[in-house]
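Encoded as structure tokens, the structure appears first; notes follow it.
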Amino acid sequence: MLQRPRGTRDFLPDEMEARRGLEGTFRDRARRWGYREIATPEFEHLELFTLRSGEGIVEEMYTFEDKGGRKMALRPEITASVLRMYVNEARVIPKPLRWFYFADCFRYERPQKGRYRQFWQFGVELIGADGPRADAEVILLAHDLLAASGAQFEIRVGHLAPVSSVLRDLDPADRKRVMAFLDKHDVQGLGAFLGERGRGDLADRLQALRGIRDLSELWEITGEIPEKARIQEMVSLLDAEGIHYSLDFGIARGLDYYTGMVFEGFGENLGAENQILWGGAYRLAHLFGGDDVASVGFAIGFDRVMVSLGERPVQPGLRVAVLATDDGRARAFAVARAFRDAGVTAFLDLSERGISAQLSHAAKSAEFAVILGKREVEAGTVTLKDLRTGEQREVPLSGAVDGVVRSDAR
RNA sequence: GCCGGGGUGGGGUAGCUGGUUAUCCUAGGGGACUGUGGAUCCCCCGACCCGGGUUCGAAUCUCGGCCCCGGCCCCA
């Protein structure tokens, strides 16, 4: 049998409805913050992604050459495309831009729990705003979305400036190594590396950055740094909103383009891949030929949130099955149309079985049955049967439609 | 790419010290019950992941591949 490609999934209606529900929640919340939805191409020039993330990522992408010999890639992320789009066509729109997207991405990686080769991200980019309120807005929005999803989660907020100030006398190559250890939370590797360099003192200071409870402890480690006021204001804004989060100044996102605030979120019921949120302040547009506009954004791992939420019972809306005998069949489409026009899902039994068999079938796929037989045709009525209670009555069509609509309202 | 555990009808399973018509449950389709439901009865559909090897004979033993699950690496 033909199998679906590795790391991809099929979604049956129940699951698809659950996914659409969560998408709807995210879209609705993001719109309330003034963010508007955008879309970018499913595939882009390979260069877009290597410019942002380096050549090393090529082997983890789906790349191909098109018929014109161009090197292309299925998008492994959305932020690069969004910033490319900004540079291409949105530089003259008044700032800041508040955009969100819901899009599938592709990465050629080993599938695991919560990790697929085609996966969906819901993300936002706040372009052209810089400062503590921009940082806070994006964090608060991420928190709002995750809270609205119903998932249990934990958010950690940090900033790159303290780590940078601690590492300021290391040469760039060593700094990069240190950031990699921090990113992996590899305490032993970090200590060994700094020990070799004769800077074991830094290891303790870096370790202390991770456990900070409040900012006064932070300034003891870093001393005065230029970003102090911005960090303080951002934190007080978050605290004023009363959200639950923790500080972690050991967050060191792998990539160089993050410029300040960084944050991440983790979910429950996931395996090793439990991160559901990635975000921070960055500057990226200049890579694609634009101005050096400051931006803040995040992406939520949509599939992981779905996994974290687990199986949830789906509640189908009211459905009406239109059943008919030979005598009533000619009226069936018109009857179904009356329900559809009133906003109710209605479908015909397409078989030519007896009413008994049609009812038996309808009981599995609908909440109401409308029966059209000789009696109803002669009387100009329909029989409406509530399949959940067994109650039924013979009424004019308009009465049946009203009956179903009313039962939906309660 | 690496380590470990697995792949039998749509779902769940028995068989797996080689030989059976491959078991059972469930789901699905059809029919009976001549217009009131999930019942009952009857019928049907439908599987040994793929390929090579050993053998008279492979779901069963063996090798390789593919895919799934967990973890590592990576994580834009």
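Here is the naming used below: chain letters follow the sequence lines, and residue numbers restart at 1 for every chain.
- Taking atom CD of A:E44 as the reference point, atom C1' of B:A76 lies 14 Å away to the nearest angstrom.
- In this model, a side-chain donor or acceptor of A:Q392 finds a partner on the base of B:U36 within 3.5 Å.
- Between the CD atom of A:Q358 and the P atom of B:G29 there is a distance of 13 Å, rounded to whole Å.
- When the nucleotides B:G35, B:C74, B:G38 are ranked by their closest atom to the side chain of A:I371, B:G35 comes out on top.
- The backbone N or O of A:E17 lies less than 3.5 Å from no partner atom in the side chain of A:R20, so there is not a single donor-acceptor pair.
- With B:G30, B:C74, B:A76 as the choices, the nucleotide that has an atom nearest any side-chain atom of A:W278 turns out to be B:A76.
- Distance CZ (A:F266) to P (B:C75): 14 Å, rounded to an integer number of Å.
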Please step through salt bridge (Lys or Arg N to Asp or Glu O under 4.0 Å) for the pair A:D303 and A:R9, ending with a clear verdict.
-> CA-CA 11 Å; A:D303 306 277; A:R9 291 155 295 157; 2.9 Å; yes
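- Heavy-atom contacts from other residues, nucleotides or ligands closer than 6.0 Å to CZ of A:F43 number 12 or fewer.
- A:G354 comes within 4.0 angstrom of nothing in the nucleic acid, heavy atoms only.
- Spacing between B:C68 and B:C63 at atom P, rounded to whole Å, works out to 23 Å.
- The distance between the ring centers of A:F181 and A:F193 falls below 6.0 angstrom.
- Of the possible donor and acceptor atoms, one in the side chain of A:R75 sits under 3.5 Å from a partner among the backbone N and O of A:P41.
- We find the CD-CZ distance between A:E37 and A:F102 to be 9.0 Å, quoted to the nearest 0.5 Å.
- Distance from the side chain of A:A363 is smallest for B:G37 among the nucleotides B:A76, B:G35, B:G37.
- Among the atoms of the strands shown, only primed sugar atoms or phosphate atoms (P, OP1, OP2) are found under 4.0 Å from some heavy atom of A:R353.
- Listed in residue order, the members of residues 320-340 of chain A having a heavy atom less than 4.0 Å from RNA chain B come to none.
- The nucleotide whose nearest atom lies closest to any side-chain atom of A:R115 is, among B:C73, B:A76, B:U36, B:C73.
- Nearest nucleotide to the side chain of A:E273, out of B:C74, B:G35, B:G30: B:C74.
- Among the atoms of the strands shown, base atoms are found under 4.0 Å from some heavy atom of A:G390.
- Spacing between atom CZ of A:R388 and atom C1' of B:G38 amounts to 16 Å, rounded to whole angstrom units.
- The base of B:G35 sits within donor-acceptor range of the side chain of A:E376, with an N or O pair under 3.5 Å.
- The C1' atoms of B:G57 and B:C24 are separated by 27 Å, rounded to the nearest whole Å.
- Base engagement by A:E60 is indicated by at least one non-hydrogen atom pair under 4.0 Å involving a base atom.
- When the nucleotides B:C74, B:G35, B:G28 are ranked by their closest atom to the side chain of A:K374, B:G35 comes out on top.
- Spacing between B:C16 and B:G6 at atom C1', rounded to whole Å, works out to 15 Å.
- A donor-acceptor pair is defined here as one N or O able to donate and one able to accept, closer than 3.5 Å; no such pair exists between the side chain of A:R70 and the backbone of A:H45.
- Closest approach of A:A252 to A:M179, counting heavy atoms only: CB-O, 3.8 Å.
- The backbone N or O of A:N274 sits nowhere less than 3.5 Å from a side-chain atom of A:K113 that would complete a donor-acceptor pair.
- For CZ of A:R133, the number of neighbouring non-hydrogen atoms (other residues, nucleotides, ligands) closer than 6.0 Å is 12 at most.
- When the P atom of B:G35 is taken as reference, atom CG of A:L359 falls 12 Å away, rounded to whole Å.
- Rounded to whole angstrom, the span from the NE2 atom of A:H361 across to the P atom of B:U36 amounts to 19 Å.
- Only A:R107, A:E109, A:R110, A:Q112, A:K113, listed by number, bring a heavy atom of residues 103-114 of chain A to less than 4.0 angstrom from any atom of RNA chain B.
- Spacing between atom NE2 of A:H185 and atom P of B:C75 amounts to 13 Å, rounded to whole angstrom units.
- In this structure, of B:C67, B:G38, B:G35, it is B:C67 that holds the atom nearest to the side chain of A:R6.
- As judged by a 4.0 angstrom heavy-atom cut-off over every strand, A:G301 is placed among residues making no nucleic acid contact.
- Using a distance-only test at 3.5 Å, with no hydrogens or angles considered, a donor-acceptor pair links the side chain of A:R107 to the main chain of A:P76.
- Following rounding to the nearest Å, A:E352 (CD) and B:G29 (P) show an atom-to-atom distance of 16 Å.
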